[in-house]
Amino acid sequence: MGISPSRRPISSAVTVALAACAVAATVSPALAAVAGGPTGGGGKPTVVLIHGAFADASGWNDVAERLTADGYPVVAPPNELRGVANDAAYVASVLKSISGPIVLAGHSYGGAVISQAAAGIANVKALVYLAALMPDVGESPAELSAKFAGSELGTALNPVPYTEHGGSGTDLYLKNDKFRDIFAADLPEAQTRTMATEQRPLAQAGFGEKLTAAAWHDIPSWFLVSRQDKAIAPELERFEAKRGKSHTVEIDSSHVAMMSHPDVVAQLIREAAGGAGAGGGGGTAAAELAATGSHGRAVALVGAAGAAALLTGAALTRIARRRSTR
């Protein structure tokens, strides 16, 4: 029996739609990580993104969107912000659950955490520091922060006592009226009001803990210096990058470059992924990367290309159904 003309478009459209869905699955491998935990594979390294103090993993949304669209698996676990020893142990447990090569990125205090967490984990192939603290063994984030003038955090902190699990201590918040100027001056004011309201505090005692390992001695590193940073002194960032022999880029950005310049940050992570086997050492990039604004808020771990493919498939299916009723 032959196929009637009215059925032929349906078959064709469904085939294309299924192909589009297959493409979506391949360009958004991070969806597998969301559904079933961190996993590696697919030929590209897994990118693990660690946030810093006064923030959470949502700050990585725009960077994660760009990387997943390029086919990188991305994982952005919470940083507990209780202290270097605790936080590094947690991040190390996440890293050990991932098979295949890893590019590990840390922002701000998250830089101290990744420095210790990556030590001894052979599949971490590159470290990326974004306006970050990069302490050495025996050095605390607090001690390192005091090396250079330029940070305005000291006058902006709001200490709040806490009690939990039978213990007590002091959490450090940024004062809401100082948050935008010090932390995120190049983001819209409405956005920074929300960020200040939802900020996560850092345990004061944990900020003084000394590192017992510094993986940047053994793993190639990349560093982004934010010239307009008021949370960590830009001169300190340059000192760290030089001491760590990091491949270095400087941009005119506030402390949260991953939010205000996601294209620049995503490109630096791609470069780290491509150059992880080249060994340490770097120097400063001669040409500044183009500064681009933040795109609209998107679900962090869904690649734009994958979403487009799914929409294309759905549209073709609707067209086929309309034709079949004619």
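As a basis for the values below, the full set of heavy atoms in this structure was taken, side chains included, without hydrogen atoms, waters or symmetry mates.
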Practice item. Quick one: list whatever passes side chain to side chain donor-acceptor pair (under 3.5 Å) with Asn123, sequence neighbours left out. Key: none
Check your understanding: With a 4.0 Å cut-off, would you call Glu240 and Arg243 a salt bridge?
Key -> no
Check your understanding: Tell me the ring-ring contact (aromatic ring centres under 6.0 Å, His included) pairs involving residues 196-220, sequence neighbours left out?
Key -> none
Point to revise | Residues which pass side chain to side chain contact (heavy atoms under 4.5 Å, CB included) with Arg82, listed by chain and number, not counting sequence neighbours | key: Glu80, Asn86, Asp87, Tyr162, Glu164, Asp171, Pro201, Ala203
Check your understanding: With Lys178, which residues qualify under side chain to side chain donor-acceptor pair (under 3.5 Å), at least two apart?
Key -> none
Practice item. State which residues pass side chain to side chain contact (heavy atoms under 4.5 Å, CB included) with Ala131; sequence neighbours excluded, sorted by chain then number. Key: His107, Ser226, Asp229, Glu237, His255
Exercise for review: Any chance you could pull the hydrophobic cluster mates of Val137, using side-chain heavy atoms under 4.5 angstrom and chaining through other members?
Suggested key: none
Review point. Phe179: what forms a ring-ring contact (aromatic ring centres under 6.0 Å, His included) with it, not counting sequence neighbours?
Key: Phe183
Practice item. Please list, chain by chain and in numerical order, all residues satisfying side chain to side chain donor-acceptor pair (under 3.5 Å) with Gln228, sequence neighbours excluded. Key: Asp252
Exercise for review: Check side chain to side chain contact (heavy atoms under 4.5 Å, CB included) between Lys242 and all other residues, then give those that pass, not counting sequence neighbours.
Suggested key: none
Exercise for review: Applying side chain to side chain contact (heavy atoms under 4.5 Å, CB included), name anything that partners Ala105, two or more places apart in sequence or on another chain.
Suggested key: Leu49, Trp60, Val128, Ile269
Review point. Does Arg200 use its side chain to pair, donor to acceptor, with the backbone of Asn79 at less than 3.5 Å?
Key: yes
Review point. Can you list the residues that meet the salt bridge (Lys or Arg N to Asp or Glu O under 4.0 Å) rule with Glu209, with sequence neighbours excluded?
Key: none
Check your understanding: What closest approach, in Å, do Ala273 and Pro45 show between heavy atoms, and which atom pair accounts for it?
Key -> CB-CG, 3.7 Å
Practice item. With sequence neighbours left out, write down each residue that passes side chain to side chain donor-acceptor pair (under 3.5 Å) with Glu143, or none if nothing qualifies. Key: Lys210
